[in-house]
Amino acid sequence: MSLPLVISPQQLAEQPSTANLLILDLSSAENYHKGHIPGAIHMDPARLLRGHGEVPNKIPEPEQLSRLLGEIGLTPERHVVVYDDQMGPWAGRMIWTLNSIGHRRCSFVNGHLAGWVQAGLPLETRPNTATPALYPVTLTSEYLADIAYISDHLNASDHIVLDVRSPAEFAGEKIINAKRGGHIPGAVNYEWTRALVSSEQPQLRPAAEIMAELNALGVTPDKTVITHCQTHRRSGLSYLFTKHLGFDKVRCYDGSWFEWGNRDDTPIET
């Protein structure tokens with residue numbers, strides 16, 4: 001079975017019952033119990049955060065991830081299909097996390113549960129439970145950017161920082177949980193919801209439209225893209241849509257502005 005990174009609700013519905021799918025609902029527990037895609041298992045998206053240390057929004061440590069993936073029943077052979085109730089950030093962060101440990105069998109339901117309902121497909125209210133599995137985890141560095149990596153590539157013409165916070169955050173006019181406001185020098189701003197049709201229709205806009213807007217900012221597939229937001233939640237979606245557009249070299253700065261803006265030794269532009 002080979003499913004693309006972004007699939008429609010209808011594509012998911014057409015998968016045979018023999019398909020080795022693991023459907024993950026990253027919505028709130030309340031919304032999951034109100035109704036979910038049949039067969040979906042609920043997973044608390046907060047578990048995609050380390051949850052401790054000076055920067056708790058960083059990727060979990062390998063033992064945390066191994067525990068989580070074992071609990072949800074993931075094995076290397078299974079294809080993960082994911083959606084959330086936040087218009088895509090958690091789903092994108094989940095796919096980035098899986099890619100970071102070498103698991104590339106992943107798809108995102110374009111439109112999430114709203115798209116599933118709009119397509120006239122049935123919901124399920126009975127909760128589903130996973131069959132625990134063993135999933136040893138080794139993190140790879142090719143999907144991750146940290147302060148040292150960014151600092152080493154600040155002036156590199158083959159790298160670009162894609163900041164998907166709001167324009168007010170980017171300009172330093174609005175500061176959230178940080179000592180300083182502004183942005184990483186040389187970064188470009190593309191507010192994450194620009195890639196979506198609307199909040200009521202959280203499908204990705206046509207790929208050509210998003211690509212044209214990114215290219216106008218200098219974000220092109222020949223460059224290594226480093227994307228971030230405040231805590232690497234919103235930038236989960238930018239990881240997803242850049243990979244969907246065919247960008248091969250995408251790294252996420254999981255420390256994001258929560259780390260950069262709370263340091264005294266990181267350069268800032270406003």
Side-chain angles (χ1 to χ4, degrees), residues 45-65 86 88-90 92-94 96-97 99-101 137-195 214 217-220 223-242 247 249-270:
R47 297 190 67 182
L48 294 173
L49 309 175
R50 186 171 299 179
H52 61 269
E54 291 185 1
V55 188
N57 45 277
K58 286 193 171 185
I59 194 169
E61 294 163 339
E63 56 269 26
Q64 290 178 284
L65 284 177
Q86 301 291 310
W90 284 127
R93 176 147 181 164
M94 181 69 190
W96 167 75
T97 302
N99 288 173
S100 297
I101 63 168
V137 165
T138 302
L139 282 170
T140 60
S141 61
E142 63 183 295
Y143 296 94
L144 182 68
D146 57 14
I147 287 177
Y149 184 90
I150 295 169
S151 299
D152 287 345
H153 295 88
L154 268 186
N155 299 309
S157 61
D158 60 348
H159 282 64
I160 192 162
V161 176
L162 177 63
D163 183 332
V164 297
R165 295 176 299 158
S166 68
E169 290 171 89
F170 184 80
E173 299 163 0
K174 180 178 182 181
I175 301 174
I176 302 172
N177 297 326
K179 293 191 296 186
R180 300 184 294 160
H183 56 265
I184 295 172
V188 297
N189 184 221
Y190 185 84
E191 202 269 337
W192 68 283
T193 59
R194 288 178 63 184
L214 293 176
L217 294 170
V219 183
T220 51
K223 297 177 182 176
T224 295
V225 177
I226 301 169
T227 188
H228 79 89
C229 57
Q230 174 67 25
T231 58
H232 186 35
R233 187 181 63 86
R234 290 172 283 180
S235 49
L237 186 73
S238 56
Y239 176 78
L240 182 75
F241 67 65
T242 49
F247 286 69
K249 298 168 287 187
V250 184
R251 291 174 179 259
C252 294
Y253 173 32
D254 58 347
S256 281
W257 198 257
F258 182 83
E259 180 179 45
W260 195 277
N262 278 309
R263 296 274 293 247
D264 296 319
D265 59 347
T266 46
I268 284 176
E269 286 182 347
T270 54

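- Note that CG of N99 and OG1 of T97 are 9.0 Å apart. Values are rounded to the nearest 0.5 Å.
- Counting heavy atoms from C-beta on, the side chains of F247 and V219 come closer than 4.5 Å.
- Annotation: side chain of K58 is in contact with side chain of E259 (closest heavy-atom distance under 4.5 Å).
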Just do the side-chain contact (heavy atoms from CB on, under 4.5 Å) check on W96 and I59 with the steps written out, would you?
-> CA-CA 10 Å; W96 167 75; I59 194 169; 3.8 Å; yes
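- The shortest heavy-atom contact between R165 and R234 is CG-NH2, 3.7 Å.
- Ring planes of H228 and Y253: perpendicular class, angle over 60° (limits at 30 and 60°).
- Taking all atoms of both residues into account, the shortest heavy-atom contact from A145 to I226 is CB-CG2, 3.7 Å.
- Side-chain contact between T266 and R180 is present, with heavy atoms from C-beta onward closer than 4.5 Å.
- Nearest heavy atoms, A178 versus I175: O-CG2, 3.2 Å.
- Checked by atom type and distance alone, the side chain of S166 pairs as donor or acceptor with a backbone atom of E169 at under 3.5 Å.
- A donor-acceptor pair under 3.5 Å is formed between the side chain of W260 and the backbone N or O of P267.
- Judged by distance alone, the side chain of R93 and the main-chain N or O of H232 form a donor-acceptor pair under 3.5 Å.
- Side-chain contact check for L65 versus L139: some heavy-atom pair is nearer than 4.5 Å.
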Do E54 and R263 pass the side-chain contact (heavy atoms from CB on, under 4.5 Å) test, and can you show the C-alpha distance, the side-chain angles, and the key distance before you say yes or no?
-> CA-CA 11 Å; E54 291 185 1; R263 296 274 293 247; over 6 Å; no
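- Other residues, nucleotides and ligands contribute over 12 non-hydrogen atoms within 6.0 Å of the CG atom of D158.
- N177 contributes no side-chain N or O that, together with a main-chain N or O of F258, makes up a donor-acceptor pair within less than 3.5 Å.
- Within the 3.5 Å criterion, the main-chain N or O of L162 finds a donor-acceptor partner in the side chain of T227.
- Looking only at side-chain heavy atoms (C-beta outward), P89 and W192 come within less than 4.5 Å of each other.
- Of the possible polar contacts, none joining the D163 side chain to the N189 backbone as a donor-acceptor pair under 3.5 Å is found.
- Annotation for H183 and F170: closest pair ND1-O, 2.7 Å, computed over non-hydrogen atoms.
- When side chains are defined from C-beta on, L49 does not count as touching D254, because their heavy atoms never get closer than 4.5 Å.
- In this structure, the separation between CG on L214 and CZ on R194 is 8.0 Å, given to the nearest 0.5 Å.
- Annotation for P185 and E269: closest pair CA-CD, 3.4 Å, computed over non-hydrogen atoms.
- Side-chain contact between H153 and T224: absent, with no pair of heavy atoms (C-beta onward) separated by less than 4.5 Å.
- Checking side-chain atoms of T270 against main-chain N and O of A171 turns up no donor-acceptor pair under 3.5 Å.
- Closest heavy-atom contact between V164 and C229: CG2-CB, 4.0 Å.
- Ion pairing between K179 and D264 holds under the 4.0 Å rule for side-chain N and carboxylate O.
- The backbone N or O of R50 sits nowhere less than 3.5 Å from a side-chain atom of N57 that would complete a donor-acceptor pair.
- Paired with R251 under the rule side chain to side chain donor-acceptor pair (under 3.5 Å), one option of Y143, Y239, Y149 passes, and it is Y149.
- Using a 4.5 Å heavy-atom threshold, the side chains of P45 and M94 count as separate.
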